[in-house]
Student: 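Before anything else, here's the structure in question.
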Amino acid sequence: MPLWQIFHPVDAFSADDKAALAEKITDVYGAVMPRFYVGIVFHPIDPAQFFVGGKPADRFVRIVMEHIARSFPSVEVSRRFIDRINAILKPYVADRGFDWELHIDETPFDYWSINGFYPPRAGTPDETRWRAENRASPRTHD
């Protein structure tokens with residue numbers, strides 16, 4: 001599952017911005033995994049509570065991504081992904097004068113469950129079913 005945490009100034013994004021950005025982010029992953037795997041949490045931060053380099057950061061967005069469902073097979077693939085994400089973020093951050101930083105943590109696939117079910121491996125019949133149903137359910141194949 002990708003879990004995104006977006007730390008941002010309180011007035012950085014409208015409700016419509018958040019919904020549009022969440023949909024675009026989910027679309028990136030939805031081509032290769034069930035859409036319900038994607039979680040996005042917006043954390044509005046008061047400028048007096050966010051510091052970068054020891055100074056208040058009132059024009060800064062910090063994004064932390066946790067990946068579990070897939071991992072990058074190479075640096076080249078990770079760079080293509082990051083470039084794609086930066087292009088999606090551009091109208092919401094760069095074009096509005098925000099500085100931003102992002103990073104991705106990868107958790108081993110075997111350290112994960114959803115609703116008590118261990119997710120199926122990529123490309124398996126169970127994962128295909130999970131994608132179609134857009135929900136977790138008992139596995140039917142080993």
Side-chain angles (χ1 to χ4, degrees), residues 1-53 56-142:
M1 134 176 110
L3 172 61
W4 282 49
Q5 296 191 66
I6 302 174
F7 300 89
H8 60 86
V10 172
D11 61 351
F13 307 117
S14 69
D16 288 343
D17 291 337
K18 292 175 186 178
L21 189 52
E23 190 66 31
K24 290 174 184 178
I25 292 165
T26 301
D27 286 346
V28 169
Y29 295 99
V32 297
M33 68 183 66
R35 293 176 66 84
F36 76 92
Y37 281 9
V38 183
I40 301 161
V41 181
F42 290 88
H43 298 281
I45 306 291
D46 182 283
Q49 304 302 318
F50 202 152
F51 291 74
V52 174
D58 63 345
R59 301 296 299 165
F60 187 76
V61 176
R62 180 68 169 88
I63 300 167
V64 177
M65 290 176 253
E66 297 177 40
H67 284 181
I68 302 172
R70 303 288 190 280
S71 58
F72 295 113
S74 68
V75 172
E76 293 78 20
V77 172
S78 72
R79 295 290 166 91
R80 283 196 306 267
F81 175 84
I82 291 169
D83 289 345
R84 184 173 179 193
I85 295 304
N86 280 327
I88 290 169
L89 293 172
K90 185 179 182 302
Y92 299 93
V93 291
D95 292 353
R96 295 178 182 181
F98 291 103
D99 291 319
W100 77 99
E101 180 179 345
L102 61 85
H103 87 273
I104 304 164
D105 288 326
E106 290 187 342
T107 300
F109 185 89
D110 293 326
Y111 298 170
W112 173 40
S113 73
I114 300 175
N115 292 343
F117 302 117
Y118 293 105
R121 297 283 175 184
T124 62
D126 280 329
E127 189 195 51
T128 300
R129 183 174 45 77
W130 280 32
R131 286 182 74 185
E133 295 174 354
N134 202 32
R135 66 179 182 85
S137 60
R139 291 168 52 179
T140 60
H141 299 85
D142 286 329

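Atoms considered below: every heavy atom in the structure, side chains included; atoms not considered: hydrogens, waters and symmetry mates.
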Student: Which donor-acceptor pairs under 3.5 Å do the side chains of residues 58-69 make with protein atoms, sequence neighbours left out?
Tutor:
from, atom 1, to, atom 2, distance (Å)
Arg59, NH2, Arg96, O, 2.5
Arg62, NH1, His103, ND1, 3.2
Arg62, NH2, His103, ND1, 3.0
His67, NE2, Tyr29, OH, 2.7

Student: Checking Tyr92 now: which residues fulfil ring-ring contact (aromatic ring centres under 6.0 Å, His included) with it, not counting sequence neighbours?
Tutor: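 Checked Tyr92 against ring-ring contact (aromatic ring centres under 6.0 Å, His included); zero matches.
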Student: Does the Thr124 side chain pair with the main chain of Pro120, one donor and one acceptor, at a distance under 3.5 Å?
Tutor: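 Here the side-chain-to-backbone pair does not exist.
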Student: For residues Asp110 and Trp112, determine if any side-chain heavy atom of one lies less than 4.5 Å from a side-chain heavy atom of the other.
Tutor: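 Contact flag for Asp110/Trp112 side chains = no.
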Student: Would you indicate whether the side-chain heavy atoms of Ile40 and Leu3 approach each other to under 4.5 Å?
Tutor: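 In short, these two side chains do not touch, never coming nearer than 4.5 Å.
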Student: Please report the interatomic distance CH2(Trp4) to CG(Leu21), rounded to the nearest 0.5 Å.
Tutor: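 Reported value, rounded in 0.5 Å steps: 7.0 Å.
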Student: For Val93 and Asn86, run side chain to side chain contact (heavy atoms under 4.5 Å, CB included): C-alpha distance rounded to whole Å, both residues' side-chain angles, the deciding distance at 0.1 Å, then the answer.
Tutor: CA-CA 9 Å; Val93 291; Asn86 280 327; over 6 Å; no
Student: Please report the C-alpha distance between Phe117 and Trp130 in whole Å, then the side-chain angles of each, then the deciding distance to 0.1 Å, and finally whether the side chain to side chain contact (heavy atoms under 4.5 Å, CB included) criterion is met.
Tutor: CA-CA 11 Å; Phe117 302 117; Trp130 280 32; 4.1 Å; yes
Student: Going by heavy atoms in the side chains, are Thr140 and Asp126 under 4.5 Å from each other?
Tutor: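 Contact flag for Thr140/Asp126 side chains = yes.
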Student: Do Ile6 and Phe13 come close enough that some side-chain heavy atom pair is under 4.5 Å?
Tutor: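 Contact flag for Ile6/Phe13 side chains = yes.
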Student: Among residues two or more places apart or on two chains, list those pairs meeting side chain to side chain donor-acceptor pair (under 3.5 Å) that have a residue in residues 32-50.
Tutor: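 Every pair satisfying side chain to side chain donor-acceptor pair (under 3.5 Å) with a residue in residues 32-50: Gln5-His43, Glu23-Arg35, Asp27-Arg35.
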Student: Quick one: NZ on Lys24 to CG on Leu89, what's the gap to the nearest 0.5 Å?
Tutor: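 Output value for this atom pair is 10.0 Å.
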Student: Report yes if the side chains of Pro2 and Met33 come closer than 4.5 Å at any heavy-atom pair, otherwise no.
Tutor: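 Contact flag for Pro2/Met33 side chains = yes.
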Student: Check the surroundings of atom CZ in Phe51: do more than 12 heavy atoms from other residues, nucleotides or ligands lie under 6.0 Å from it?
Tutor: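 Yes, enclosed.
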Student: What distance separates Glu106 CD from Ser78 OG, expressed to the nearest 0.5 Å?
Tutor: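 Answer rounded to 0.5 Å: 8.0 Å.
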Student: Identify the heavy atoms of Ala31 and Arg131 that sit nearest to each other, and give their distance.
Tutor: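 Scanning both residues, the minimum pair turns out to be O-NH2, 3.3 Å.
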Student: Report yes if some heavy atom in the side chain of Pro44 is under 4.5 Å from a heavy atom in the side chain of His8; otherwise report no.
Tutor: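 Touching, per the 4.5 Å side-chain cut-off.
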Student: I want to check something: taking the side chain as every heavy atom from C-beta on, are Pro56 and Phe50 in contact at a cut-off of under 4.5 Å?
Tutor: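 Heavy-atom side-chain distance check fails, nothing below 4.5 Å.
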Student: Heavy atoms, side chains only, cut-off 4.5 Å: are Phe109 and Ser71 in contact?
Tutor: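 Heavy-atom side-chain distance check fails, nothing below 4.5 Å.
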Student: Can you name the nearest heavy-atom pair linking Ala12 to Asp17, along with the distance?
Tutor: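 Looks like O-OD2, 4.2 Å.
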